[in-house]
There are 2 protein chains.
Amino acid sequence: MGKPAQISAETNWDAGTAVRDTALSRLVGYNLKRSFNNIYVDLAEALRPFGLRMITFTILTMLRENPGIRLSNLAAAIDMEKPNMVSVIDELSARGLVTRSADPLDKRARQLHLTADGLKLQHQAYAAACVHEEGCLQHLDEAERAQLIALLSKIRHGADKDSR
Amino acid sequence: MGKPAQISAETNWDAGTAVRDTALSRLVGYNLKRSFNNIYVDLAEALRPFGLRMITFTILTMLRENPGIRLSNLAAAIDMEKPNMVSVIDELSARGLVTRSADPLDKRARQLHLTADGLKLQHQAYAAACVHEEGCLQHLDEAERAQLIALLSKIRHGADKDSR
DNA sequence: TATTGTTATACTCTATAACTATA
DNA sequence: TATAGTTATAGAGTATAACAATA
């Protein structure tokens, strides 16, 4: 396709002229960014009543399933840099949702745990997140949702494998 | 040991203990964020040799298909705030990749165009982006990629409809 | 020497308010 | 009055270097 001197004829952009994005639409990366942003903004709104952001919600949920995990292990598990994790844990700790306790096996390490309040908030927020997902994905049926998650995690774990 | 096992038994987190994320894995939002980040970091690396980031690459590609488009229309098309668009156009303009010219129909507006250099760079960068996608998606066959894009744009356009 | 948690720092991305010149 | 482009600014999110205590 080396010929067409001009991609398209000159257009009047005065009114609501339709904008083309066929080239970008072919790229999975572009579609991922756009649809992620749509869901992300919406999820942030769903979590705001609980005083949570996506990252704090993620951490509370991870702590529920992995009580006592070390900060560095948790950071690695969700692809976050340790220094950034520290400040978020500071925030959750100051709110009384998470505790840092001594690790008997390694004096350098700290065990992270949910408090009773943290567990309660995680329950509520997770329920809200599920309701939110329902709203975002109402145009997808059960099979499509499962397919989407399967394809996305295939990308994730494929990339994991490659980097090692 | 010998304690009322809460969510899960107490674990020793000293070594490379496996971390669980079954609750988060069920959420499309979480999977989207993780897989987007994987692709994004990698794509950024593929574009770096051209001096481009994802946003500048996106704009060059949009200008190729929509020559003469106004700044605000372009910003709306890719869900970007106008003030942020201004500084990126400044950057591309300073590098001689994009021009701002007067719009004969509206003295407030500026028409955005690729320069010859901009068009050339877009070509090269788009080819690199396609090669990069090939690397990221090598674990997905043609049908799965098409399916993924279809599902993602279903989320995008479903959300568009809902917000109006 | 390597690793855990930490501090400090910087850069990108994103979001909002307000100004100007036109419409 | 509303809109296009712009300026200034602030907040998330992310990334790196370096340090003290411990392994």
Side-chain angles (χ1 to χ4, degrees), chain A residues 12-17 33-34 36-38 40-45 47-48 51-59 68-94 98-112, chain B residues 12-17 33-34 36-38 40-45 47-48 51-59 68-94 98-112:
Chain A
N12 283 341
W13 289 101
D14 52 333
T17 315
K33 179 175 172 54
R34 295 293 305 272
F36 163 65
N37 210 262
N38 267 337
Y40 187 78
V41 169
D42 219 54
L43 180 58
E45 198 175 324
L47 293 175
R48 192 167 304 130
L52 294 176
R53 294 167 289 152
M54 184 157 180
I55 186 59
T56 46
F57 166 70
T58 297
I59 290 173
I69 191 173
R70 290 182 188 173
L71 186 144
S72 53
N73 289 350
L74 178 55
I78 63 178
D79 268 337
M80 193 183 183
E81 298 302 319
K82 281 192 296 176
N84 301 325
M85 178 64 79
V86 169
S87 61
V88 180
I89 297 294
D90 282 345
E91 175 190 336
L92 292 172
S93 171
V98 164
T99 58
R100 279 184 254 229
S101 51
D103 185 326
L105 294 172
D106 188 333
K107 286 184 181 174
R108 295 171 302 179
R110 301 295 184 102
Q111 295 183 333
L112 300 179
Chain B
N12 284 342
W13 289 101
D14 52 335
T17 314
K33 179 174 173 57
R34 295 294 304 272
F36 164 66
N37 210 265
N38 267 337
Y40 187 78
V41 168
D42 218 54
L43 180 57
E45 199 175 325
L47 293 175
R48 194 167 302 128
L52 294 176
R53 293 167 290 153
M54 185 157 179
I55 186 60
T56 47
F57 167 69
T58 297
I59 290 173
I69 192 175
R70 290 180 188 174
L71 187 144
S72 52
N73 288 351
L74 179 56
I78 63 177
D79 268 335
M80 192 181 183
E81 297 302 320
K82 281 192 296 177
N84 300 325
M85 178 65 77
V86 170
S87 61
V88 180
I89 298 294
D90 281 347
E91 175 189 338
L92 292 173
S93 171
V98 163
T99 60
R100 280 185 253 230
S101 51
D103 185 326
L105 295 172
D106 188 332
K107 286 184 180 173
R108 294 171 302 180
R110 300 295 185 103
Q111 295 183 332
L112 300 179

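The basis for the numbers below is simple: all heavy atoms, side chains too, and nothing from hydrogens, waters or symmetry mates. Throughout, a chain's letter reflects where its sequence line sits, starting with A, and its residues are numbered from 1.
- You'll find that the side chain of Val41(A) is closest to dA15(C), out of dG5(C), dA15(C), dC13(C).
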Which is it for Ile78(A) and Ile55(A) under the side-chain contact (heavy atoms from CB on, under 4.5 Å) test, yes or no, and what are the steps along the way? CA-CA 10 Å; Ile78(A) 63 178; Ile55(A) 186 59; 4.1 Å; yes
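- Atom CG of Leu112(B) sits about 8.0 Å away from atom CE of Met85(B), to the nearest 0.5 Å.
- Whole-Å rounding puts the Met54(B) CE to dT12(C) C1' distance at 14 Å.
- When the P atom of dT12(C) is taken as reference, atom CG of Leu47(B) falls 15 Å away, rounded to whole Å.
- Test Asn37(B), Asn38(B), Leu43(B) against Val41(B) for side-chain contact (heavy atoms from CB on, under 4.5 Å) and you get one pass: Asn37(B).
- OP1 or OP2 of dT14(D) sits under 4.0 Å from a side-chain N or O of Lys33(B).
- The nearest heavy atom of DNA chain C to Ile89(A) and to Ser87(B) marks one nucleotide each, and the one closer to the 5' end goes with Ile89(A).
- Closest to the Leu71(A) side chain, of the nucleotides dT6(C), dT14(C), dG13(D), is dT6(C).
- For the pair Ile69(B) CD1 and dG5(D) C1', the computed distance is 15 Å after rounding to whole Å.
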List every contact pair, protein side and nucleotides 19-23 of chain C side both N or O, where the distance is under 3.5 Å.
| from | atom 1 | to | atom 2 | distance (Å) |
| --- | --- | --- | --- | --- |
| dT22(C) | O2 | Arg108(B) | NH1 | 3.4 |
| dA23(C) | OP1 | Lys107(B) | N | 2.8 |

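- Interatomic distance, Arg110(A) CZ to Thr99(A) OG1, rounded to the nearest 0.5 Å: 10.5 Å.
- We find that CD1 of Ile59(B) is positioned 11 Å from P of dT14(C), with the value rounded to whole Å.
- Here the side chain of Asp90(A) is nearest to one of dG5(C), dT7(C), dA15(D), namely dT7(C).
- Closest approach to the Arg70(A) side chain among dT16(C), dA17(D), dG5(C) is made by dG5(C) (side chain taken as heavy atoms from C-beta onward).
- Remark: Leu47(A) CG to Thr58(A) OG1 distance equals 8.5 Å, nearest 0.5 Å.
- Heavy-atom minimum distance, Val88(A) versus Met80(A): CG2-CE, 3.7 Å.
- Closest to the Glu81(B) side chain, of the nucleotides dG13(D), dT16(C), dC13(C), is dT16(C).
- For the pair Arg53(B) CZ and dT14(D) P, the computed distance is 16 Å after rounding to whole Å.
- Of the candidate nucleotides dA12(D), dT7(D), dT14(D), dT14(D) has the atom lying nearest to any side-chain atom of Asn84(A).
- Atom CE in Met85(B) sits about 10 Å away from atom P in dG5(D), given to the nearest Å.
- Not one side-chain nitrogen or oxygen of Tyr40(B) sits closer than 4.0 Å to the OP1 or OP2 atom of dT14(D).
- Proximity note for Pro83(A) (side chain, C-beta onward) versus dG5(C), dT16(D), dA4(D): the nearest is dT16(D).
- The distance between atom CG of Asn37(B) and atom C1' of dT12(C), rounded to the nearest whole Å, is 13 Å.
- In this structure, Arg34(A) atom CZ and dC13(C) atom C1' are separated by 15 Å, rounded to whole Å.
- Here the CD-CG distance, from Gln111(B) to Asn73(B), works out to 11.0 Å after rounding to the nearest 0.5 Å.
- Glu45(B) CD to Arg48(B) CZ: the interatomic distance, rounded to the nearest 0.5 Å, is 6.0 Å.
- Put simply, the side chain of Asp103(B) and the base of dA4(D) share no donor and acceptor less than 3.5 Å apart.
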